[in-house]
Amino acid sequence: MKLAVLTSGGDSAGMNAVVRAVVKAGILQGCETWVVREGYEGLVRGNQADEHQDAILPPPPPEVRVKDVNFLKNLRFGDGALLKDGTGDLPSGRTLKGRYIVRVGWDDVRGWLTEGGTLIGTARCKSFRTPEGRTAAAYNMIKEGIDALVVCGGDGSLTGADVLRSEWPKIVGTLREQGKISEEQYKLHGHLKIVGLVGSIDNDMSMTDLTIGAPTALHRICEALDNINSTAISHSRAFVIEVMGRHCGWLALLAGLSSGADFIFIPESPPETNPWEDEMCAKIQRHRHMGKRKTIVIVAEGAVDKELQPIRAEYVKDVLSERLGLDTRVTTLGHTQRGGKPCALDRIWPTLQGIEAVKALLEATPQTPSYMIGMCENKITRIPLMEAVAATQAVATALQQKDFAKAMSLRDPEFVDSLEGFFATSGLDKEGRLPKEQRMRVAIMHIGAPAGGMNAATRAITRYCYRQGHTPIAVQNGFLGLLDDSVYELSWLTVDNWMARGGSELGTNRTLPDVDLGAVAAKFQQHRIDGLIMIGGFEAFTSLLILEQGRKHYPAFHIPMTHLPATISNNVPVTQFSLGCDTSLNALLEACDSIKQSAQASRNRVFVVETQGGKCGFLATLGALGCGAVIVYTPETGISLDMLRNDVKFLKRRYELDVKGHNEGRIVIRNEASSHIYTTDMLTKMFKEEGGKLFDSRSASLGHTLQGGIPSPMDRARAVRLSLKCMAFLEEHHEVLRKQTKRQTTPNTAAVITIQGSAIKWVPVNDMVEHADMKNRTGIHGWWQDIRELVDAMVARPQIV
Ligand code: ADP
């Protein structure tokens with residue numbers, strides 16, 4: 001199969017990861033791979049020069065043996081590598097000028113993961129909307145022998161792809177009649193295979209949770225907001241921030257949620273009252289009366305009131321200045337939101353989606369619908385493309401008809417949860433909403449090592465408690481602090497700036513409650529704890545287990561108790577994602593990018609990067625996929641001498657395949673607990689020794705840097721979402737227990753909140769045990785172990801060794 005990939009519509013971070021993955025997965029499946037420059041415009045223009053490029057760069061020396069001949073043939077064409085350069089001129093005198101459909105090889109997409117925007121260019125193309133334009137596009141594709149197309153763009157681009165596919169048989173017939181294509185071409189290209197990937201920073205496509213580029217745009221917004229926060233506090237100012245999103249408020253909503261904004265305006269959920277100015281001012285006034293020194297209002301580009309009148313940032317500013325006398329500034333983030341390096345999510349998921357896209361193309365038949373590759377929670381999905389487009393358009397129609405409830409119902413569950421989360425954590429109810437007898441004293445503890453999102457979760461719990469009338473009790477320094485009576489009520493204002501704080505504001509350590517279970521029970525009684533939320537990693541899980549088992553002896557533990565997994569290692573059994581793991585993945589990638597750059601400068605350096613993670617290879621594996629590492633070592637697979645022999649062989653062959661003077665800096669990731677014997681130092685020395693003249697080696701240990709830093713927006717948003725579910729869990733079980741004369745809990749009232757595939761599920765702590773490797777403090781089979789194979793695939797290890 002000859003397949004081509006193009007990017008179309010607005011650019012977004014992660015598009016390069018898609019192109020890279022499609023090219024690599026295509027080559028691995030034995031396809032010839034092409035890229036189309038400038039979106040549909042490139043298809044319509046086609047190639048002016050008809051001469052074809054054979055391998056342009058010199059072939060590797062004959063002594064290099066590669067298992068897969070097809071791989072070798074597809075190793076490099078040079079044109080793609082020059083796309084990255086931006087010049088479009090080749091040293092051999094060839095040029096990309098006048099050539100829009102360009103054959104690319106394996107090494108042409110080298111280093112594309114870390115680049116923002118789209119290296120193959122994107123455009124809006126009027127002529128593709130006309131039958132003549134599409135006929136020209138089809139002709140240009142057939143000329144090159146291409147009849148499989150991957151399109152990465154928004155709903156417009158995907159609709160365009162579907163139109164082309166549905167018209168294809170007719171167009172091909174016309175081209176044959178006109179004698180433009182031969183009978184053979186006509187027979188060979190009767191059917192067009194297409195697959196769509198959604199590249200859009202707005203996250204505006206229905207039936208998929210995350211579009212490619214949206215997480216990075218959210219990162220950019222949150223970075224800006226975090227910076228604005230400090231100046232806002234310093235001057236006690238109000239800021240009105242305008243963010244992108246014409247028909248979809250996802251960016252504004254998630255930015256509001258993860259930055260702890262006071263008010264947001266999004267198209268799907270206009271303010272309740274009309275005119276809305278009173279509602280906004282009253283809310284902000286209440287916050288100021290509580291002592292807040294900053295006010296942040298976020299306005300989506302497409303924000304409207306209930307009558308569809310646009311709400312503009314400048315006007316909001318005037319209202320705040322005039323009515324509340326606040327020193328108010330407007331910041332429009334504009335195109336900075338599109339720019340910059342892709343975040344971890346926009347490297348890893350687009351890679352997985354690109355691989356899936358190639359699979360879908362290979363399986364496509366004239367009878368199967370065109371698919372869009374999407375995501376449902378954490379699963380890659382295939383969705384009939386036009387169904388998704390229709391659902392997306394239905395949201396726009398609902399909004400035009402002022403049917404906001406319908407628009408919300410068409411958004412994914414995470415969107416709805418996030419909006420509720422924003423209301424629950426941003427407001428201030430003086431009275432509390434629950435009747436007195438239903439109110440609880442909720443203890444919050446951080447256990448284990450710090451992880452991004454712990455503070456955000458604590459803030460969300462505290463805010464929700466105030467809204468309902470519960471009392472949030474901070475227990476400092478885990479169980480040691482409890483025994484020391486380091487216990488206090490958290491105030492609404494104290495937690496105000498905790499969304500963006502890394503580390504653990506409550507303090508955390510690894511001490512388990514069995515340090516003195518009886519005394520712990522006594523403290524629960526003394527502080528009249530009605531419900532407990534422990535935020536942490538494996539120790540928090542173990543603590544919950546001990547407390548549940550302690551119920552036999554201590555009535556004080558007959559309360560609802562939860563564990564909210566938060567650990568950079570992601571080693572809590574059953575759940576696929578803990579709070580903090582997105583933050584640390586981003587920290588890891590950031591470090592690896594810098595290291596790779598340094599390795600690149602000296603051209604032939606292999607860096608062995610050591611990561612944390614304990615006996616769990618999640619961080620190392622996903623990090624390797626996200627930074628394009630050539631080898632990953634994890635505790636699950638361990639390290640053996642045979643492996644190392646093969647690894648050295650692989651590295652040598654890989655360096656031999658590099659064009660002289662175009663060698664690459666390469667990264668090897670080693671989890672800290674992969675082997676006692678084959679340490680990072682030992683591996684580095686071994687690679688150096690074995691690399692000889694081909695490559696050199698250095699090491700870097702990232703250590704605790706991975707625990708620190710500002711939590712990623714995704715971890716913050718997830719923290720809010722999961723904490724509120726924990727609170728709902730406590731409320732539900734508290735209500736049942738309250739009605740009993742003698743409090744007697746069932747085991748399901750001590751449970752862990754887990755993310756499993758596309759669902760959030762409660763698992764009683766006792767049932768977690770069978771999925772846990774208690775000795776190694778990790779789950780029994782982590783889903784990421786299957787990803788390891790993809791890390792190898794993306795560097796063609798099976799083909800090269
Ligand atoms: P996005 O893909 O981000 O939604 P646009 O709506 O501008 O961006 O679409 C990008 C390109 O896709 C357009 O310039 C056009 O070439 C093509 N396109 C969009 N809609 C159609 C359509 N209905 N038929 C054919 N081509 C279309």
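Predicted model only: the values in this text are computed from it and were never measured. Throughout, residue positions are numbered sequentially from 1 according to the sequence presented.
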**Q** Which side-chain N or O atoms in residues 417-428 pair as donor and acceptor under 3.5 Å with protein atoms at least two apart or in another chain?
**A**
from : atom 1 : to   : atom 2 : distance (Å)
D417 : OD2    : R721 : NE     : 2.9
D417 : OD2    : R721 : NH2    : 3.4
D417 : OD2    : K725 : NZ     : 3.2
S418 : OG     : E414 : O      : 2.7
T425 : OG1    : G421 : O      : 2.8
S426 : OG     : K283 : NZ     : 2.8
S426 : OG     : F422 : O      : 2.7

**Q** With a 3.5 Å cut-off and no angle check, do the side chains of N586 and S712 form a donor-acceptor pair?
**A**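 Their side chains do not contain a donor-acceptor pair, so the 3.5 Å distance test is not met.
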**Q** Using a 3.5 Å distance criterion without hydrogens, assess whether the side chain of R441 forms a donor-acceptor pair with backbone atoms of T471.
**A**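 No: the side chain of R441 does not pair with the backbone of T471.
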**Q** With sequence neighbours excluded, tell me which residues meet side chain to side chain contact (heavy atoms under 4.5 Å, CB included) with Y488.
**A**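 Y488 satisfies side chain to side chain contact (heavy atoms under 4.5 Å, CB included) with A474, Q476, L490, L506 only.
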**Q** Just wondering, are more than 12 heavy atoms of other shown residues or ligands nearer than 6.0 Å to CD in E431?
**A**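 No, the 6.0 Å shell around CD holds no more than 12 heavy atoms from other groups.
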**Q** Using the rule side chain to side chain donor-acceptor pair (under 3.5 Å), only one of H733, R551, H734 pairs with T749; which is it?
**A**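 Single pass found, and it is R551.
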**Q** If I take atom CG from residue L619 and atom CG from residue N671, how far apart are they, to the nearest 0.5 angstrom?
**A**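 The CG atom of L619 sits 8.0 Å away from the CG atom of N671.
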**Q** How far does CZ of F541 sit from CG of N571, to the nearest 0.5 angstrom?
**A**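 With rounding to 0.5 Å, CZ (F541) is 10.0 Å from CG (N571).
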**Q** How would you list all residue pairs meeting salt bridge (charged side-chain N to carboxylate O under 4.0 Å, His left out) that involve residues 450-474, not counting sequence neighbours?
**A**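 Sorted result for residues 450-474: R459-D496, R463-D496.
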**Q** Could you tell me whether Q526 atom CD has more than 12 heavy atoms of other residues or ligands within 6.0 Å of it?
**A**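 Counting neighbours around CD of Q526, more than 12 heavy atoms of other residues, nucleotides or ligands fall under 6.0 Å, so yes.
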**Q** So which heavy atom on Y466 is nearest to which on S491, and how close?
**A**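 Scanning both residues completely, I find the closest heavy atoms to be OH-CA, 3.4 Å.
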**Q** Can you label the angle between the W492 ring and the H287 ring as parallel, tilted or perpendicular, going by 30° and 60°?
**A**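 Plane angle between 30° and 60°, so tilted.
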**Q** Does the E610 side chain pair with the main chain of I669, one donor and one acceptor, at a distance under 3.5 Å?
**A**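 Here the side-chain-to-backbone pair does not exist.
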**Q** Any chance the side chains of N477 and S486 put a donor and an acceptor closer than 3.5 Å?
**A**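 On atom types as modelled, these side chains do not qualify, holding no pair under 3.5 Å.
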**Q** Could you grab the distance from atom CD1 of I535 to atom OG of S504, nearest 0.5 Å is fine?
**A**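 Going from the CD1 atom of I535 to the OG atom of S504 covers 8.5 Å.
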**Q** Report the relative orientation of the aromatic rings in W784 and F618; use parallel for angles under 30°, tilted for 30 to 60°, perpendicular for over 60°.
**A**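 Because their plane-to-plane angle is over 60°, the rings of W784 and F618 count as perpendicular.
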**Q** Report the C-alpha distance between S697 and V668 in whole Å, list the side-chain angles of each, state the deciding distance to 0.1 Å, and finish with yes or no for side-chain contact (heavy atoms from CB on, under 4.5 Å).
**A** CA-CA 10 Å; S697 180; V668 170; over 6 Å; no
